[in-house]
Q: 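Attaching a single structure in structure tokens format; questions to follow.
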Protein chains: 2
Amino acid sequence: MAKPQFNQEHILTQASSAFWRFGYHATSMQHVFAATGLKPGSIYLAFGNKEGLFKASLDHYTQQSLLRIRNKLSQSPSVEQGIFDVLMEFVNESCQADYCSCFLVKSQLELGSHPELLQYVSTRLKQIETLYCEFLQQNHPIEEAQIKATSLMLHIFGIRVYGYHSQSKEQILSALESSLPWLPWTKLKH
Amino acid sequence: MAKPQFNQEHILTQASSAFWRFGYHATSMQHVFAATGLKPGSIYLAFGNKEGLFKASLDHYTQQSLLRIRNKLSQSPSVEQGIFDVLMEFVNESCQADYCSCFLVKSQLELGSHPELLQYVSTRLKQIETLYCEFLQQNHPIEEAQIKATSLMLHIFGIRVYGYHSQSKEQILSALESSLPWLPWTKLKH
DNA sequence: AACTATTTTGAATGATCATTCAATTATTTG
DNA sequence: CAAATAATTGAATGATCATTCAAAATAGTT
């Protein structure tokens, strides 16, 4: 064997970041070579082709997202409080200068006409919904948990799009409070 | 003058359709030439460059969307009923085989790192929100109308993303009913 | 009919795209 | 240390990209 294989974590971090910010089509392999400092052959040996690298990037992002949500919901005094905190994080992200929404949501819309990648993205978004649903089942019958989880995903998708509008934080918060009354808003009011 | 200028409506219909379905980066000018049957020079003379054609396509789509919503809300017995009907149309669209979400929402996410086009898209999405808000002011004080309009946009954005999941119609409807209780759901229940 | 103004044509351009592969380098194995 | 094995290199490839422009065609004007 030659030099042990390059750091896959490093390249996936860089590739995810590029695909996330610029999208699948606007990110060229040459950009990836430049960002990672690696040569074409290395990346093609490890990931096969651009699609393979993209899938691995999606996986990397999804695992981090699932972990982040799981930690937040586990460590909160209640599931509702944890969900509320996660939502607030999403809203606050949208205020940052380099905001670039959610990698999975962006990919879902960009690759709507690419059945294989679309399926790959949809599966991962469903994993996230399932995670919320599992936590909600601690407090609610499964049917209600499922409805709340779907409603939550609709709102999260909405935030991911609406967040691009400038100075939207207060508007988003008021709207969320009106349509998600089962979250613990009281501590923020007045 | 030569032959009167080609039918701009026709080319914008074709170009919008391509940009909408495949996105800005995945739609090449060669695709547009093939779809319209026109030669490069004609299109470049009329629209300047790809960005110009894209902006004109966005405008074309936006004007049609505003017209469609305005008609629906004007002809309904109440604003709430009109909004409900529009939402149901969006949900039903997501069941079709060739579903491709909303051109503006897709563009907003794809062009997040292109400030000029991002601004162009955001302005048009805000126009749609303003239209809803104006109609809602017939029944509600302006503050409440604005919150309802923003909540509506969040939900519409959510539907536009969630719609890609297969067999999602019933789930979406249940979730919408739970988070938009001010819409006239009763006639559908039981 | 001749002239002018404008549009259309379509081949060509250089840039950038994803991808390949023979040669080189590095590591493990015998 | 030598042989075998595997990873890395980076220049090169053909395809496709957005865009250009000189020439041809068409319509209005005199």
Q: When you compare the side chains of Gln171(B) and His165(B), does any donor N or O come within less than 3.5 Å of an acceptor on the partner?
A: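 Judged by distance alone, the side chains do not pair up.
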
Q: For Phe19(A), is the NZ or CZ atom of Arg21(A) found under 6.0 angstrom from the centre of its six-membered ring and inside 45 degrees of the ring axis?
A: no

Q: Which whole-number value in Å describes the distance from Phe47(A) CZ to dT8(D) C1'?
A: 15 Å

Q: Between dT8(D) and Lys39(A), is there an OP1 or OP2 to side-chain N/O distance shorter than 4.0 Å?
A: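 False: Lys39(A) side-chain N/O out of range (4.0 Å or more) of dT8(D) OP1/OP2.
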
Q: Using the ring of Phe157(A) (Phe, Tyr or Trp, six-membered ring only), decide whether Arg160(B) places NZ or CZ under 6.0 Å from its centre and within 45 degrees of its axis.
A: no

Q: So, Ser17(B) side chain and Thr13(B) main chain: donor-acceptor pair closer than 3.5 Å or not?
A: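 Side chain of Ser17(B) to backbone of Thr13(B), a donor-acceptor pair under 3.5 Å: no, none is there.
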
Q: Side-chain donor-acceptor pair under 3.5 Å between Gln81(B) and Asp85(B), yes or no?
A: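 The criterion, which ignores hydrogens and geometry beyond distance, is satisfied for Asp85(B) and Gln81(B).
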
Q: Once you build an axis from the first five pairs and another from the last five of the helix from dA1(C)-dT30(D) to dG30(C)-dC1(D), how far apart in angle are they, to 10 degrees?
A: 0°

Q: Going by atom types only, do Gln146(B) and Thr150(B) share a side-chain donor-acceptor pair under 3.5 Å?
A: yes

Q: OP1 or OP2 of dC17(D) versus the side-chain N and O atoms of Ser28(B): is any pair under 4.0 Å?
A: yes

Q: Can you check the Leu45(B) CG to dT8(C) P distance for me, whole Å?
A: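 Checked: the CG to P distance equals 7 Å.
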
Q: Starting at NE2 of His31(A) and ending at C1' of dT16(C), how long is that distance when rounded to a whole Å?
A: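 Checked: the NE2 to C1' distance equals 9 Å.
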
Q: Keeping His140(B) on the side-chain end and Gln137(B) on the backbone end, is there a donor-acceptor pair under 3.5 Å?
A: no

Q: Please produce a list of atom pairs where a protein N or O lies less than 3.5 Å from an N or O of nucleotides 19-21 of chain C.
A:
| unit_1 | atom_1 | unit_2 | atom_2 | d |
| --- | --- | --- | --- | --- |
| dT19(C) | OP2 | Tyr44(A) | OH | 2.9 |
| dT19(C) | OP2 | Lys50(A) | N | 2.9 |
| dT19(C) | O5' | Tyr44(A) | OH | 3.4 |

Q: What is the distance, rounded to the nearest whole Å, between atom CD of Gln8(A) and atom C1' of dA7(D)?
A: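 Distance, rounded to whole Å: 13 Å.
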
Q: Would you say the side chains of Glu110(B) and Tyr24(A) form a donor-acceptor pair under 3.5 Å?
A: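 Looking only at side-chain atoms, Tyr24(A) and Glu110(B) do not form any donor-acceptor pair under 3.5 Å.
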
